Amino acid sequence: MTQAWDAIAGEAVRRALACVDGPAYTVLPGGARLPQTSAPAVVGGMLERLEVEPGHRVLEIGTGSGFSAAVLSRLVGPGGHVTSVDIDARLTGRAARLLADDGCRNVRLVTGDGTRWAPESRYDRVIAWVTPVRVPDVWVRQAAPGAVIVTPVHLAPLARAMAVVRLRRGAGPDRLAADLLMPGGFAEARPEPHDQWPVPSYGVDALTRDAAGRMWWVAAEWLRAHEPAVGMRLLELMITDGRGGTGWLGAVDLHAYLMAARPEGLTTAALGDQGWGVGCSDPGGVALAGLSGDLFVAGASAAAERLDGWALEWRERGRPGMADLVPRLHRRGSGWDVRAAVP
Ligand SMILES: C[S@@+](CC[C@H](N)C(=O)[O-])C[C@H]1O[C@@H](n2cnc3c(N)ncnc32)[C@H](O)[C@@H]1O
């Protein structure tokens, strides 16, 4: 049977993935799946971009089930080493036992905030499975010259406006270049263990639950100049007046384009049990495109017309998607913001 990762991973990553007994890491004794687990296809795609070679020293942030650490252990081989950090001691303890049973003697498990600290070493490769607010300096400082870093990032200061970026460190820690973006999103890195994964910890401007307990949130930079009540009113409108419509084929690419173009009014939002969307909002309403292209509109405002205009621009520019965008790095505080440009 063709595995999902065949399309995205090369020979070495495919072999390493095939060697690991995934369920041994990701399935709990009662049969449920450990929530902090990445899908093998996602692990394969990101590890392919990491360009791991035998003998490399790898820093992994977000051990989770230990599955990706087991794959990395095979990729670096007996001459290499993996340091895997997770904020949750229950997970590093569990992964340590599983990796030992699996014979992975080249993996060290560490409990802590991997966005702030990692055991000192000159890592050849750094991979994160959680999204930092910005790429932290500590990863770049602890990386060796020529090191590759693959991490999810926010392309805009809005919840879920995410992509995965590949970075290459030059001779000095201030010499960092970004050469690739791919679609992908992970939960945000947290300063302490957390079980509430569906609630974004970054970039949300108003959040509520409807009568059935379903979560709704909205994120838009214009909301930050207003009282919190404005965001709550918008959510109320979305819950009580939300209606669907036909949107656009290729909405994932439209999302990527909008995260790069960042037009005034750009909005991300979670829609109860209807997934989430990217689009436009103003105090009178919202218009959002869901992942499958469905349209979600609430209120009476110019938002739908403006979103139509943005989609037209996107089509006129050849429908660029994430892989067409050019990553740009901006030094900010103790790290680097990643933004995207439409070529
Ligand atoms: C998507 S899971 C990792 C999945 C893992 N790659 C696998 O194959 O199962 C993300 C993990 O990051 C951890 N995490 C969250 N914030 C963190 C932080 N600040 N430092 C280190 N780990 C963190 C979470 O506890 C969670 O286990």
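Both counts, for ligands and for their atoms, begin at 1 and track the order of listing. Computed from a predicted model, the values in this text were never measured in an experiment.
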(request) Any chance you could lay out the salt bridge (Lys or Arg N to Asp or Glu O under 4.0 Å) test for Asp88 and Arg190, step after step, and finish with the verdict? (result) CA-CA 10 Å; Asp88 192 332; Arg190 312 266 183 163; over 6 Å; no
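Counting only distance, with no hydrogens or angles, the side chain of Arg332 and the backbone of Asp337 share no donor-acceptor pair below 3.5 Å.
Each of the following atoms of ligand 1 lies closer than 4.0 Å to a heavy atom of Gly112: 20 (N), 21 (C). The Ser65 neighbourhood of ligand 1 comprises atoms 7 (C), 8 (O), 9 (O), with distances under 4.0 Å to a heavy atom of that residue. With ligand atoms numbered from 1 in the order given, ligand 1 contributes 10 (C), 11 (C), 12 (O), 13 (C), 14 (N), 15 (C) to contacts under 4.0 Å with heavy atoms of Val130. Those atoms of ligand 1 with a heavy atom of Trp129 less than 4.0 angstrom away are 1 (C), 3 (C), 6 (N), 10 (C). Each of the following atoms of ligand 1 lies closer than 4.0 Å to a heavy atom of Ile61: 21 (C). Numbered from 1 in the order shown, with element, the atoms of ligand 1 that lie under 4.0 Å from a heavy atom of Leu91 read 25 (O), 27 (O). Interface of Ser68 with ligand 1, defined as ligand atoms under 4.0 Å from a residue heavy atom, comprises 5 (C), 6 (N), 7 (C), 8 (O).
Between Arg319 and Asp253 there is no salt bridge, since none of the side-chain N atoms of the basic residue sits less than 4.0 Å from a carboxylate O of the acidic one. Salt-bridge check for Glu221 with Arg262: passed, with a basic side-chain N closer than 4.0 Å to an acidic carboxylate O. By the 4.0 Å N-to-carboxylate-O rule, Glu51 lies close enough to Arg168 to be salt-bridged with it. Salt-bridge annotation for Arg243 and Asp241: present, with a side-chain N of the basic residue lying under 4.0 Å from a carboxylate O of the acidic one.
Summarising the contacts of atom 13 (C) of ligand 1 with Asp86, Val110, Thr63, Leu34, the nearest heavy atom is found in Asp86.
For ligand 1, the polar-atom distance check finds no N/O of Thr115 at less than 3.5 Å from any of the ligand's N/O atoms. An N or O contact shorter than 3.5 Å is missing between Ala189 and ligand 1 by distance. The N/O atoms of Asp88, backbone and side chain alike, include none that comes under 3.5 Å of an N/O atom in ligand 1. Between Arg190 and ligand 1, an N or O atom pair is found at a separation short of 3.5 Å.
The ring of His255 has its center closer than 6.0 angstrom to the ring center of Trp276.
Considering CD of Glu188 and CZ of Arg160, their distance stands at 5.0 Å, rounded to 0.5 Å.
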